[in-house]
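Working notes for the structure below.
Everything quoted here is computed from the prediction, not taken from an experiment. Numbers for residues simply follow the sequence, beginning at 1.
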Amino acid sequence: MSTVNGGISYWYANEGIPDPREPLPGDATADVCIVGGGYTGLWTAYYLKKAVPFLNITVLEAKFCGYGASGRNGGWLYNGIAGRDRYAKLHGHDAAVRLQQAMNDTVTEVISTAAAENIDADIHHGGVLEVAYTPAQLSRLKHFHAAEIAFGEKERTLHGARETAERVRVTGAVGSTWTPHGARLHPVKLLKGLAAAVENLGVTIHESTPVTEIKPKHAVTPYGTVRAPYILRCTEGFTAGLKGQRRTWLPMNSSMIVTEPIPASVWENIGWDGRETLGDMAHAYMYAQRTADDRIALGGRGVPYRYGSRTDNDGRTQPATIQALREILVRFFPTAAGVPIAHAWSGVLGVPRDWCSTVALDRSTGIGWAGGYVGSGVATTNLAARTLRDLIQQDSGQGGPTDLTTLPWVDHKVRKWEPEPFRWLGVQAMYAAYRTADRREASGRTAETDPIARYADRIAGRH
């Protein structure tokens with residue numbers, strides 16, 4: 001059985017490409033124009049329209065809703081947010097704790113909103129399990145666990161090898177940490193349900209309408225210009241395609257595979273009855289879920305970055321990347337070695353130069369933005385959308401500061417990425433170093449993080 005390569009994602013192959021919505025018919029006006037029809041844009045439209053029903057809101061999408069990361073991700077609805085440690089340094093520990101608590105609450109918010117809107121997205125609230133299978137990974141896992149506790153995650157638990165195996169039998173796992181603040185879901189089912197809910201509220205969505213430039217009160221497309229007091233950039237990994245935004249966020253590639261349905265006899269060996277989302281403590285880390293139809297969907301970094309911030313067309317990924325992800329699958333679960341890989345695909349996520357997610361509204365221009373989620377966007381998009389709602393209501397005089405508008409990631413500024421070829425060389429060197437560090441740690445040479453990985457962190461700007 002051959003592996004389907006590309007075609008956007010398995011999630012779309014499973015659920016079907018949506019019927020196309022009409023493109024923008026010409027010049028138009030709105031109260032709020034949202035650029036990007038992924039999770040950020042659709043959640044923002046949803047919360048704004050619910051808060052102020054009379055608003056005229058238009059969403060412009062270059063391809064179709066969910067074409068980008070929202071339709072290609074690993075289905076991890078969890079409480080991770082990129083940049084929390086940096087925000088603690090900039091704004092103090094208590095501010096970062098508030099941000100983390102907001103993310104914890106966001107997992108519940110998405111689940112409850114999906115239920116309220118009758119969106120069946122295969123959501124299973126099983127938490128997040130992250131495992132270690134080398135001495136160095138175990139050391140990092142213990143530090144990570146302690147840090148999460150310090151940021152207010154009192155429900156988090158630490159497990160040894162036996163307790164880990166009782167949840168999921170990952171070969172060689174020596175420990176794990178688990179948090180209840182996570183759930184597995186089908187990304188496209190959530191996306192389609194959210195888009196339908198937004199349209200039912202009266203929001204206009206135009207697809208096949210690429211925005212080429214965002215200016216104060218103007219979103220420019222080949223079909224016409226939408227004029228609005230507020231223009232919101234919700235384009236994540238595709239931001240580099242906008243005029244003047246080439247170096248704003250780096251479009252980092254992530255790739256995934258999904259197996260054919262796994263026989264019950266194999267599941268008896270693997271366990272995973274709690275259907276937790278599953279990750280590890282490698283530097284070039286993996287992420288996985290047990291799907292509703294009993295497949296394993298697993299992802300990680302393949303070719304991390306295309307020269308010139310280019311993005312793919314249909315999610316096609318390199319055969320070497322597919323093989324590398326399959327090797328991770330078999331390394332974790334040897335009894336799954338005979339299960340064919342049904343589908344492989346890739347997508348891009350947005351990475352700021354300091355690896356910090358941000359949400360902002362420039363009150364002088366009416367231009368807002370949210371993103372730079374660094375792969376943690378399934379939940380973070382929801383928090384960003386509610387924050388954009390509050391920022392717009394505050395700016396328009398319909399509300400004052402809220403708990404969300406005072407979180408430390410609001411209005412965070414970050415420098416641009418280096419020009420080419422330095423941008424490409426830096427990313428290639430960073431991931432080559434991470435992979436080398438993982439190999440050295442797997443050999444058991446050290447029980448601490450390999451120095452090469454610390455060097456890669458400095459290249460990345462994470463520390």
Distance alone, cut at 3.5 Å: any donor-acceptor contact between the side chains of Y47 and D390?
no
So, H412 versus Y87, ring centres under 6.0 angstrom or not?
yes
Just checking E22: does its CD atom have more than 12 heavy atoms from other residues, nucleotides or ligands closer to it than 6.0 angstrom?
no
On a heavy-atom basis, the closest approach of A51 and Q393 is CB-OE1, 3.8 Å
Pi-cation contact, W272 with R184 (under 6.0 Å, within 45°):
no
Look at the side chain of K49 and the backbone N and O of L55, then say whether any donor-acceptor pair between them is shorter than 3.5 Å.
yes
P187 and S70 have their tightest heavy-atom pair at CB-O, 3.5 Å
Walk me through it: do Q394 and R363 pass the test side-chain contact (heavy atoms from CB on, under 4.5 Å)?
CA-CA 10 Å; Q394 180 182 350; R363 302 184 71 172; 4.1 Å; yes
Just wondering, do L48 and Y230 contact through their side chains at under 4.5 Å, heavy atoms?
no
Less than 4.0 Å between a side-chain N and a carboxylate O, is that true for E130 and R140?
no
Using a 3.5 Å distance criterion without hydrogens, assess whether the side chain of T406 forms a donor-acceptor pair with backbone atoms of T402.
yes
Using side-chain contact (heavy atoms from CB on, under 4.5 Å), reason through E148 and H145 one step at a time and then give a plain yes or no.
CA-CA 5 Å; E148 298 307 293; H145 176 83; 5.9 Å; no
Between the OG1 atom in T3 and the OH atom in Y10, the distance rounded to the nearest 0.5 Å is 13.5 Å
CD/Q323 to CD1/I257 distance, rounded to the nearest 0.5 angstrom?
9.0 Å
Tightest non-hydrogen contact, residues G71 and W11, listed as O-CD1, 3.6 Å
Show your reasoning for whether side-chain contact (heavy atoms from CB on, under 4.5 Å) applies to L77 and L190.
CA-CA 11 Å; L77 175 71; L190 176 62; 6.0 Å; no
For K416, does the NZ atom sit with more than 12 other heavy atoms under 6.0 Å from it, leaving out its own atoms?
yes
How would you list, by chain and number, every residue that makes a salt bridge (Lys or Arg N to Asp or Glu O under 4.0 Å) with E15, sequence neighbours excluded?
none
Counting N and O atoms only, with roles assigned by atom type, does the side chain of E207 sit under 3.5 Å from a partner on the main chain of C65, one being a donor and the other an acceptor?
yes
Side-chain donor/acceptor of N200 to backbone N/O of A196, under 3.5 Å
yes
Apply side-chain hydrogen bond (donor to acceptor under 3.5 Å, both in side chains) to T239 and T235, showing your working.
CA-CA 5 Å; T239 300; T235 47; 2.8 Å; yes
Using a distance-only test with no angle check, is there a side-chain donor-acceptor pair under 3.5 angstrom linking N14 and H186?
yes
Indicate the atoms forming the closest heavy-atom contact of G16 with K192, along with that distance.
O-NZ, 2.6 Å
Counting C-beta onward and ignoring hydrogens, is there a side-chain heavy-atom pair between R227 and D27 closer than 4.5 Å?
yes
Test side-chain hydrogen bond (donor to acceptor under 3.5 Å, both in side chains) applied to T277 and Y287, step by step
CA-CA 7 Å; T277 54; Y287 50 94; over 6 Å; no
Please say whether more than 12 non-hydrogen atoms of neighbouring residues, nucleotides or ligands are located less than 6.0 Å from CG in D293.
yes
Side-chain heavy-atom pair I231, P216 within 4.5 angstrom cut-off:
no
When you measure from the side chain of H343 to the backbone N and O of G6, does any donor-acceptor pair fall under 3.5 Å?
yes
Can you tell me how far OG1 of T381 sits from CG of L42, rounded to the nearest 0.5 angstrom?
9.5 Å
Find out whether V211 and R233 are in side-chain contact, i.e. whether some heavy atom of one side chain is under 4.5 Å from a heavy atom of the other.
no
Got a donor-acceptor contact below 3.5 angstrom from the T405 side chain to the P401 backbone?
no
To check you understand the geometry: which heavy-atom pair defines the closest contact between V374 and E236, and what is its length?
N-OE2, 4.1 Å
Identify the heavy atoms of L388 and A370 that sit nearest to each other, and give their distance.
CD1-CB, 4.0 Å
Nearest 0.5 Å, please: how far is CG in L129 from OG1 in T179?
10.5 Å
Before you tell me yes or no, could you show the steps for Q137 and Y285 under side-chain contact (heavy atoms from CB on, under 4.5 Å), namely the whole-Å CA-CA distance, both residues' side-chain angles and the distance that decides it to 0.1 Å?
CA-CA 11 Å; Q137 285 190 23; Y285 54 85; over 6 Å; no
Polar contact flag, side-chain donor to acceptor under 3.5 angstrom, E117-T113
no
Is R275 salt-bridged to D294, going by a charged N under 4.0 Å from an acidic O?
yes
So, T259 side chain and I296 main chain: donor-acceptor pair closer than 3.5 Å or not?
yes
State the CH2-CG distance between W409 and L99, to the nearest 0.5 angstrom.
7.0 Å
Considering only heavy atoms from C-beta outward, does the side chain of L325 approach that of S255 to under 4.5 Å?
yes
Salt bridge or not for E260 and R295, using N-O below 4.0 Å?
yes
Side-chain heavy-atom pair W43, L194 within 4.5 angstrom cut-off
yes
Less than 6.0 Å separating the ring centroids of Y373 and Y39?
no
Side-chain touch M256/R72, heavy atoms, less than 4.5 angstrom:
no
To the nearest 0.5 Å, how far apart are NE2 in H181 and CG in N104?
4.0 Å
Is any side-chain N of the basic residue among R21 and E61 closer than 4.0 Å to the acidic one's carboxylate O?
no
Does any part of the side chain of T106, heavy atoms only, come nearer than 4.5 Å to the side chain of R386, both counted from C-beta?
yes
Distance under 6.0 Å and angle within 45° of ring axis: R353 vs W417:
yes
Between the side chain of H124 and the main-chain N/O of G274, is any donor-acceptor distance below 3.5 Å?
yes
